[in-house]
Amino acid sequence: MSQKIPVILDIDTGSDDAVALITALKAPELEVKWIATTWGNVPLAEATENSLRVLDLARSAGLLAAEIELYAGAERPLARDLHEGRRRRDRYSGLIDGEEVYMHPPILPGRPYTQQAEAQFAPFKYIDYLSSATEPQTIIATGPLTNLAIALSLEPNIVSKIKELIVMGGGYQKANVTPYAEANFWNDPEAVACVLHSGLKPLLVPLDATHEAYLRESEYREIFANSGELGEFCCALLEQRQKLHDLNQPLAEPQAVTLHDVLAVCAAFAPQLLSDCLEVHCQICLSAQANGHLVIDRRENPAEANARFAYHADRAAFVATLTRLFQA
Ligand code: BDR
Ligand code: CA
């Protein structure tokens, strides 16, 4: 196999972030160098705890040769209050047959483990690590972009050390958290603005692509069938996601799930999973009802591109990729 792609993951774990982390550890094409956590789906402490639980599970499944350092980052958005609306869990949960079902359980299942988060604040780790990197690095961000925005604001020169930034976020024809906005971008729109203005030209993996790359229940059960405890863990999270999709957020077919963050991770080594991936000029709305809405310059002569946007994804190829990774 050709050389592994070293990646940094920035995650707000979260159900699909958990499966994305496991996928990154499972993919022979990737080497996870370290992990940053951020507030987002759950508060920072829970995102960190959940990520450590996933690492512990991966360790006992034999997926980790050595400990992967984890750095806790931002606890709140750059400029917005962490007001009640940004903390509300009822957006992500529902009562089904008398049982509370979560899109992102506040605390993922786990057991006692020994690894602790490193002492350094994740944005400072970005600055130190990237400043001394001899090769440009790949970052996959699947939560709010707060950590990166802080690092880029304090040390803009790190841009030259980032080879590729893959971001799960935004939507063109789709929204989820408000009528107009996707959750990661709505959570910290000022951070999105900072990244879009940085010159990094991120690859955006938006809801348009992730909603096309859904998995049927029969598919995810088959994908994870031979992965023991790890597979049971993933299936339990996906079962809850599936119930909430059927209840609140129907997909192209019932009994199916989105795996937003997993598609973003797979795009790092299988960019062909994304289709109609076009260079665009886009901006994030910062005010009133459109807060967090991504707008794309649709003129015939748009302003200079500042991102790449994946309008579609290849569902069959995504299923095949996950089958290869987990059935290997
Ligand atoms: C994104 O928001 C979170 O709910 C998911 O983890 C994903 O990163 C989808 O809008
Ligand atoms: Ca996420």
Side-chain angles (χ1 to χ4, degrees), residues 7-24 35-44 46-51 54 73-74 77 85-94 101-106 108 122 139-148 165-189 191-192 195 202-215 234 237-238 240-245 248-249 251 257-268 284 291-294 309-310 313:
V7 294
I8 300 161
L9 301 182
D10 201 325
I11 54 184
D12 62 333
T13 319
S15 60
D16 55 337
D17 302 80
V19 182
L21 171 53
I22 291 168
T23 304
I35 295 164
T37 55
T38 174
W39 77 285
N41 288 321
V42 290
L44 176 71
E46 277 96 321
T48 301
E49 171 74 27
N50 287 341
S51 306
V54 173
R86 280 198 164 69
R87 271 194 270 239
R88 269 176 49 198
R89 287 208 207 290
D90 55 355
R91 291 198 311 266
Y92 303 128
S93 68
V101 175
Y102 292 94
M103 188 64 96
H104 301 285
L108 302 184
I139 300 169
I140 307 172
T142 62
L145 292 171
T146 322
N147 287 333
L148 265 173
L165 169 61
I166 301 174
V167 173
M168 191 283 127
Y172 178 62
Q173 302 278 17
K174 296 229 172 266
N176 56 10
V177 71
T178 75
Y180 316 105
E182 180 278 333
N184 287 338
F185 280 14
W186 180 79
N187 270 337
D188 197 346
V192 177
V195 168
L203 168 60
L204 304 183
V205 180
L207 293 175
D208 308 75
T210 63
H211 275 244
E212 285 184 358
Y214 61 86
L215 294 193
C234 292
L237 294 178
L238 298 189
Q240 297 209 30
R241 290 182 71 84
Q242 180 183 321
K243 285 182 185 168
L244 283 169
H245 272 301
N248 288 329
Q249 203 188 19
L251 299 171
V257 290
T258 49
L259 280 174
H260 313 285
D261 299 343
V262 181
L263 183 65
V265 161
C266 291
I284 191 86
N291 176 21
H293 174 57
L294 188 77
F309 189 94

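Both ligands and their constituent atoms are indexed starting at 1 by order of listing. Only heavy atoms go into these numbers, but all of them, side chains included; no hydrogens, no water, no symmetry mates.
- Relative orientation of the His211 and His260 rings is tilted, given thresholds of 30° and 60° on the angle between their planes.
- Among the atoms of Thr142, an N, O or S atom is found under 3.0 Å from the Ca ion (ligand 2).
- Of all the N, O or S atoms in Asp261, the one closest to the Ca ion (ligand 2) is OD2.
- For the Ca ion (ligand 2), the N/O/S atoms of Asp16 include none lying under 3.0 Å.
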List, pair by pair, the atoms of ligand 1 and of the protein that are both N or O and lie under 3.5 Å apart, giving the separation rounded to 0.1 Å.
| residue | atom | partner | partner atom | Å |
| --- | --- | --- | --- | --- |
| ligand 1 | 2 (O) | Asn184 | OD1 | 3.4 |
| ligand 1 | 4 (O) | Asn41 | OD1 | 2.8 |
| ligand 1 | 4 (O) | His104 | NE2 | 3.0 |
| ligand 1 | 6 (O) | Asp16 | OD1 | 2.5 |
| ligand 1 | 6 (O) | Asp16 | OD2 | 3.3 |
| ligand 1 | 6 (O) | Asp17 | OD1 | 3.0 |
| ligand 1 | 6 (O) | Asn41 | ND2 | 2.9 |
| ligand 1 | 6 (O) | Asp261 | OD2 | 3.1 |
| ligand 1 | 8 (O) | Thr142 | O | 3.0 |
| ligand 1 | 8 (O) | Asn184 | ND2 | 2.9 |
| ligand 1 | 8 (O) | Asp261 | OD1 | 2.6 |
| ligand 1 | 8 (O) | Asp261 | OD2 | 3.1 |
| ligand 1 | 10 (O) | Asn176 | ND2 | 2.8 |
| ligand 1 | 10 (O) | Glu182 | OE2 | 2.4 |

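- A side-chain donor from one of Thr37 and Thr48 sits under 3.5 Å from a side-chain acceptor of the other.
- Between the side chain of Asp12 and the backbone N or O of Trp39, no donor-acceptor pair lies under 3.5 Å.
- Thr258 and Thr210 are not linked by any side-chain donor-acceptor pair at a separation below 3.5 angstrom, with hydrogens and angles left out of the test.
- When all heavy atoms of Phe309 and Pro206 are compared, the closest pair comes out as CZ-CG, 3.4 Å.
- Side-chain contact check for His104 and Ser15: at least one donor-acceptor pair (N or O, by modelled atom type) lies under 3.5 Å.
- When only modelled atom types and interatomic distance are considered, Asp188 and Thr146 share a side-chain donor-acceptor pair under 3.5 Å.
- Closest approach between the Ca ion (ligand 2) and any N/O/S atom of Asp12 involves OD1.
- Across all their heavy atoms, Gly171 and Asp208 have their closest contact at CA-OD1, 3.3 Å.
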